[in-house]
Amino acid sequence: MTTFSVRTLSAVLATAAVSLYCTAPALADDVPSNSARIGLYSVFFHVKADDLSGPYVPPGANIDAQNVNTLYLGYVRRLSSRFDVELAVGYPPLQRTEGKGPAALGSVPYNGQVIATARWLAPTLLVEYKFFDENSKLRPYIGAGVNYTAFYDRNSTAQGNAVSGGPTKLSLTSSVGPAGTAGLAYNIGGHWNVYASYSISQVKTKLNADTAGVIRTSHISFGPQVFIASVGYSF
């Protein structure tokens, strides 16, 4: 993740948060305007990737991503009785990438082998519409927004190096894409609520693998589907 990307993302999110805060209507004193949430973030990938291309790569060599679980953190600002804005993020997990395709490349096992690891940071900004009135214990909601994903700590494993023919440096471009969510909020008493939601987003990247100047590439669409179970406190 470049310094420019971090600064740009920070500026965009800060501007959006300040703008939404300033334009939100006045709220009744007894209705909390903020909520902090914590829970489990389960990500299920539906990867579509071009076959790896470059010197000495046989046809059909592709990749897949293992599903991950991580910590979910969210901040929600109440805009009105119907609308919220949410900033959601997961603690950067260790993402494992597997080979997909031939059982072996040369004499080195490939299919199903972990060939690379990386961590990603993927904040998502969502505007959400809540159904039913504020006195309801159960409130379904839907939302739409934008996701930003940046990859770092990108490493080729020993198996990946063996497949590539030597120590390999990896790069993955950052991604910006649409996101959507649907969920349920249930008030368990006072300022405490529990939540369950399902979200999708578009995450695309270009992979470059450099083995002593030999470059292999692929364009990857991760197709993440996310289930979140969380508890929140409104204040």
Side-chain angles (χ1 to χ4, degrees), residues 1-10 40-73 88-124 147-177 179 201-227:
M1 179 173 15
T2 66
T3 301
F4 176 78
S5 298
V6 172
R7 289 176 177 173
T8 301
L9 176 63
S10 300
L40 176 66
Y41 192 91
S42 296
V43 186
F44 301 86
F45 294 103
H46 298 268
V47 177
K48 294 182 180 178
D50 298 337
D51 287 349
L52 293 167
S53 62
Y56 319 116
V57 179
N62 209 297
I63 60 174
D64 202 358
Q66 293 184 356
N67 299 332
V68 294
N69 293 312
T70 190
L71 177 70
Y72 157 80
L73 298 170
V89 67
Y91 179 82
L94 182 65
Q95 181 68 58
R96 294 176 173 85
T97 299
E98 298 178 348
K100 178 182 177 182
L105 298 187
S107 60
V108 182
Y110 183 72
N111 189 55
Q113 302 295 312
V114 176
I115 58 172
T117 62
R119 292 188 185 273
W120 47 258
L121 181 65
T124 302
N147 166 269
Y148 174 86
T149 301
F151 303 89
Y152 66 101
D153 283 354
R154 304 166 298 273
N155 294 295
S156 178
T157 64
Q159 192 73 18
N161 289 339
V163 167
S164 299
T168 300
K169 295 180 180 180
L170 306 176
S171 68
L172 294 162
T173 57
S174 298
S175 170
V176 177
S201 59
Q202 183 184 85
V203 179
K204 295 183 177 182
T205 187
K206 180 181 179 181
L207 166 68
N208 272 9
D210 182 345
T211 308
V214 177
I215 307 297
R216 286 94 172 200
T217 64
S218 178
H219 289 86
I220 308 166
S221 175
F222 285 99
Q225 298 184 20
V226 180
F227 291 93

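The shown structure was predicted, so the numbers you read here are calculated from the model rather than taken from an experiment.
Between Phe151 and Leu121 there is no side-chain heavy-atom pair separated by less than 4.5 Å. Contact annotation: the side chain of Val203 approaches that of Asn147 to within less than 4.5 Å [non-hydrogen atoms, C-beta and beyond]. Residues Phe44 and Phe227 are in side-chain contact: their nearest non-hydrogen atoms beyond the backbone lie under 4.5 Å apart. Inter-residue side-chain proximity for Pro93 and Trp120 is flagged as met; some heavy-atom pair is nearer than 4.5 Å. Taking the side chain as every heavy atom from C-beta outward, Tyr148 and Ser174 approach each other to under 4.5 Å. Ser42 is listed as a side-chain neighbour of Leu40, based on a closest heavy-atom distance under 4.5 Å. Residues Ile63 and Ile220 form a side-chain contact, since some pair of their non-hydrogen atoms from C-beta on lies under 4.5 Å apart. Using a 4.5 Å heavy-atom threshold, the side chains of Val226 and Tyr41 count as touching.
Heavy-atom minimum distance, Ala179 versus Ser201: CB-CB, 3.9 Å. The nearest pair of heavy atoms linking Thr211 to Gly166 is CG2-O, 3.7 Å. Here the closest heavy-atom approach between residue Gln159 and residue Val108 is recorded as NE2-CG1, 3.5 Å. In terms of heavy atoms, Ala88 sits closest to Tyr72 at CB-CE1, 3.8 Å. For Pro92 against Tyr152, the heavy-atom pair with the smallest separation is CB-OH, 3.1 Å. Nearest heavy-atom pair across Ala116 and Thr157 is N-CG2, 3.8 Å.
In this structure, the separation between OG on Ser218 and NZ on Lys206 is 10.0 Å, given to the nearest 0.5 Å. Atom CG of Leu207 sits about 10.0 Å away from atom CZ of Arg154, to the nearest 0.5 Å. Note: Lys100 NZ to Ile115 CD1 = 12.5 Å, rounded to the nearest 0.5 Å. Considering CG of Leu170 and OG1 of Thr97, their distance stands at 8.5 Å, rounded to 0.5 Å.
Put simply, the side chain of Asn155 gets close to the backbone of Asp153: a donor and an acceptor are under 3.5 Å apart. A donor-acceptor pair is defined here as one N or O able to donate and one able to accept, closer than 3.5 Å; such a pair exists between the side chain of Asn67 and the backbone of Phe45. The backbone N or O of Gly160 lies less than 3.5 Å from a partner atom in the side chain of Ser164, making a donor-acceptor pair. A distance-only check finds no donor-acceptor pair linking the side chain of Thr117 to the backbone of Arg96 [under 3.5 Å]. With Arg216 contributing its side chain and Gly54 its backbone, the two residues share no donor-acceptor pair below 3.5 Å. A donor-acceptor contact shorter than 3.5 Å is absent between the side chain of Glu98 and the backbone of Asn111. Proximity of a side-chain donor or acceptor of Asn208 to a complementary backbone N or O of Ile215 within less than 3.5 Å is not detected. With Ser175 contributing its side chain and Lys204 its backbone, the two residues share a donor-acceptor pair below 3.5 Å.
Residues Ser156 and Asn161 have side chains that bring a donor and an acceptor to within less than 3.5 angstrom of each other.
Pro58 pairs with exactly one of Leu105, Leu52, Asp51 by the side chain to side chain contact (heavy atoms under 4.5 Å, CB included) rule, that one being Leu105.
Heavy-atom contacts from other residues, nucleotides or ligands closer than 6.0 Å to CZ of Arg119 number more than 12. Within 6.0 Å of the OH atom in Tyr91, the count of heavy atoms belonging to other residues, nucleotides or ligands does not exceed 12.
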